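Okay, structure first, notes after.
Predicted, not measured: the structure shown is a model, and the values here were computed from it.
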Amino acid sequence: MEAHGAGLRRVLVLAFCVAGIWSAYIYQGVLQETVSTKRFGPNNERFEHLAFLNLAQNVVCLVWSFIMIKIWSNGKSGGAPWWSYWSAGITNTIGPAMGIEALKYISYPAQVLAKSSKMIPVMFMGTLVYGIRYTIPEYVCSLLVAGGVSLFALSKTSSKTISKLAHPNAPLGYGLCFLNLTFDGFTNATQDSISARYPKTSAWDIMFGMNLWGTIYNMMFMFGWSTASGYEAVQFCKQHPEAAWDILLYCLCGAVGQNFIFLTISRFGSLTNTTITTTRKFVSIVVSSVLSGNPLSEKQWTSVGMVFSGLSYQIYLKWRKLQRMTKKRKPL
């Protein structure tokens, strides 16, 4: 009976994590698409300074992580010092800025799909730089993802979707997304290196360090000189409070979503978190297509299916590898 109760609690916590990640990031995607495509005020002005969203996100997550550290650290020390994140902060500032700028040139579903292909630059760099040999199933995964993204990019986009974009330019938009993934790869590698050097570093420490440097770099970029774009972004938010409200909600969704990701990883592991976030991306595309009026053609839906089939197969391969490692650890 006690085991049954523990199992039920575990299922309820998992359901809570799924609901939290899905609701936070799906709504954040809706807000991101709204800010990038909506026309504000009587003059139908666009919010052109999308990089400002990254600065706002950095500030909110910096404050949030500082509060969480004060609440949960209990005076513990030994984590990575704040200055050790300076290099990861550079790539973590440039990469997301490119990803969000891509929304000026391609639709939100296209951006989500392109950014789901992270395994391609990782495998490419792994083979080219480190000489890593991957298995045939791993190459099948990457081919499905690459083929799906390519098919989506080559498919004709509806005129309704194109009319919402600020500057339609598919090659530039996809190029920015893949540069985003490349910078993310360097960011993740640097974070792993820091965590290895400082094993007592908590998720909140990482969140604080990354967003501290992100805030510094983005402030320099957006307010470093008199004609910098940050001043125009602030002025736009003053003139259009609904834009400012959307940006605030966007940032809060990101901070709340991080909470649920940390909870999921700590209770159920990174594989479960990957599964939840992957399915969330698929739902985000469906939501964008249905609610935001971004109709996809049959060929585009086929490409979406290819990408998520590849990602699902990758998750299955990771699960099998985890099972084999668990069996090896069990005493005979």
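A chain of hydrophobic side-chain contacts below 4.5 Å, direct or via other Ile, Leu, Val, Met, Phe, Trp or Tyr residues, connects I100 to V234. The cluster map of Ile, Leu, Val, Met, Phe, Trp and Tyr, joined by side-chain heavy atoms under 4.5 Å apart, puts I162 and V112 in different clusters. Residues V30 and V290 fall within the same hydrophobic cluster, defined by Ile, Leu, Val, Met, Phe, Trp and Tyr side chains chained together at heavy-atom separations under 4.5 Å. Residues L311 and M306 do not share a hydrophobic cluster, defined by chaining ILVMFWY side chains whose heavy atoms lie under 4.5 Å apart. One hydrophobic cluster holds both I26 and L248 under the rule that ILVMFWY side chains link at heavy-atom gaps under 4.5 Å.
Closest non-hydrogen pair, T187 versus T91, comes out as OG1-OG1, 2.7 Å. For I247 against C237, the heavy-atom pair with the smallest separation is CD1-SG, 3.8 Å. Across all non-hydrogen atoms, the minimal contact from K115 to K281 is O-NZ, 4.3 Å. The heavy-atom pair separating L31 from Y250 by the smallest distance is CD1-N, 3.5 Å. The nearest pair of heavy atoms linking F221 to W225 is O-CH2, 3.5 Å. Nearest heavy atom pair, residue H167 against residue E48, reads NE2-OE1, 3.7 Å.
At distances below 3.5 Å, at least one donor-acceptor pair connects side-chain atoms of N211 with backbone N or O atoms of M207. Between the side chain of T272 and the main chain of F268, a donor-acceptor pair closer than 3.5 Å is present. Here the side chain of S303 pairs no donor or acceptor atom with the backbone of L151 at under 3.5 angstrom. The main-chain N or O of G99 is found under 3.5 Å from a side-chain atom of Q111 such that the two form a donor-acceptor pair. The closest donor-acceptor contact from the side chain of S288 to the backbone of S284 lies at 3.5 Å or more, if one exists at all. Put simply, the side chain of S117 gets close to the backbone of A114: a donor and an acceptor are under 3.5 Å apart.
Between Y139 and Y134, the ring planes lie perpendicular to each other; the angle is over 60°, past the 30° to 60° tilted range.
The structure places NZ of K38 at 5.5 Å from CG of D246, a figure rounded to the nearest 0.5 Å. Note that CD1 of I21 is 9.5 Å distant from CZ of R280, once rounded to the nearest 0.5 Å. Between K156 atom NZ and L154 atom CG the span is 14.5 Å, to the nearest 0.5 Å. Between atom OG of residue S158 and atom CG of residue L296 there is a gap of 8.0 Å, rounded to the nearest 0.5 Å. Of the inter-residue distances, the one linking Q258 atom CD with M68 atom CE reads 12.5 Å to the nearest 0.5 angstrom. Atom-to-atom distance recorded for N273:CG and T264:OG1 is 5.5 Å, nearest 0.5 angstrom.
Y85 places none of its side-chain heavy atoms less than 4.5 Å from the side chain of T190. Within the 4.5 Å cutoff, no side-chain heavy atoms of E45 are placed close to those of R39. Counting heavy atoms from C-beta outward, S193 and R197 have side chains that approach closer than 4.5 Å. Between S202 and F262 there is no side-chain heavy-atom pair separated by less than 4.5 Å. The shortest side-chain heavy-atom distance between F223 and L55 falls under the 4.5 Å cut-off. Looking only at side-chain heavy atoms (C-beta outward), W213 and T93 stay at 4.5 Å or farther from each other. Between N259 and L263 there is no side-chain heavy-atom pair separated by less than 4.5 Å. Residues I216 and M220 form a side-chain contact, since some pair of their non-hydrogen atoms from C-beta on lies under 4.5 Å apart.
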Worksheet item: F16 and L12: side-chain contact (heavy atoms from CB on, under 4.5 Å), yes or no, with the steps?
Response: CA-CA 6 Å; F16 180 62; L12 289 174; over 6 Å; no
Practice prompt. Check the pair F66 / L62 against side-chain contact (heavy atoms from CB on, under 4.5 Å), numbers first and verdict last.
Written response: CA-CA 6 Å; F66 179 78; L62 176 65; 5.8 Å; no
Discussion item. Could you go through N58 and N218, starting from their C-alpha distance and side-chain angles, then the distance that decides it, and tell me whether this counts as side chain to side chain donor-acceptor pair (under 3.5 Å)?
Written reply: CA-CA 9 Å; N58 285 145; N218 274 308; 2.7 Å; yes
Worksheet item: Going through the checks in order, is the side chain to side chain donor-acceptor pair (under 3.5 Å) test met by T201 and S195?
Response: CA-CA 6 Å; T201 303; S195 297; 5.7 Å; no
Discussion item. One pair to check against side-chain contact (heavy atoms from CB on, under 4.5 Å): Y174 and Y105. What are the steps and the verdict?
Written reply: CA-CA 8 Å; Y174 284 107; Y105 310 105; over 6 Å; no
Discussion item. For a side-chain contact (heavy atoms from CB on, under 4.5 Å) check, start with the C-alpha distance between E101 and K104, then their side-chain angles and the critical distance, and finish with the verdict.
Written reply: CA-CA 6 Å; E101 280 292 314; K104 292 180 180 179; 3.0 Å; yes
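With sequence neighbours excluded, no residue satisfies ring pair (Phe, Tyr, Trp, His ring centres under 6.0 Å) with Y316. For Y27, there are no ring pair (Phe, Tyr, Trp, His ring centres under 6.0 Å) partners, not counting sequence neighbours. Judged as a side chain to side chain contact (heavy atoms under 4.5 Å, CB included), and not counting sequence neighbours, the contacts of A233 are F47, H49, F52. Under the rule for a ring pair (Phe, Tyr, Trp, His ring centres under 6.0 Å), the partners of F40 that lie at least two apart in sequence or sit in another chain are F236. A search for side-chain hydrogen bond (donor to acceptor under 3.5 Å, both in side chains) contacts involving S289 returns nothing, not counting sequence neighbours. For F178, the ring pair (Phe, Tyr, Trp, His ring centres under 6.0 Å) test picks out no residue, with sequence neighbours left out.
Here the options are Y313, W301, F282, the test is ring-ring contact (aromatic ring centres under 6.0 Å, His included), and the partner is F308; only F282 passes. Under the side-chain contact (heavy atoms from CB on, under 4.5 Å) test applied with L113, the options I106, V145, I285 reduce to a single match, I285. When the options W82, W83, Y217 are evaluated for a side-chain contact (heavy atoms from CB on, under 4.5 Å) with L212, the one that passes is W82.
Crowding of Q323 atom CD: a count of heavy atoms from other residues, nucleotides or ligands under 6.0 Å exceeding 12.
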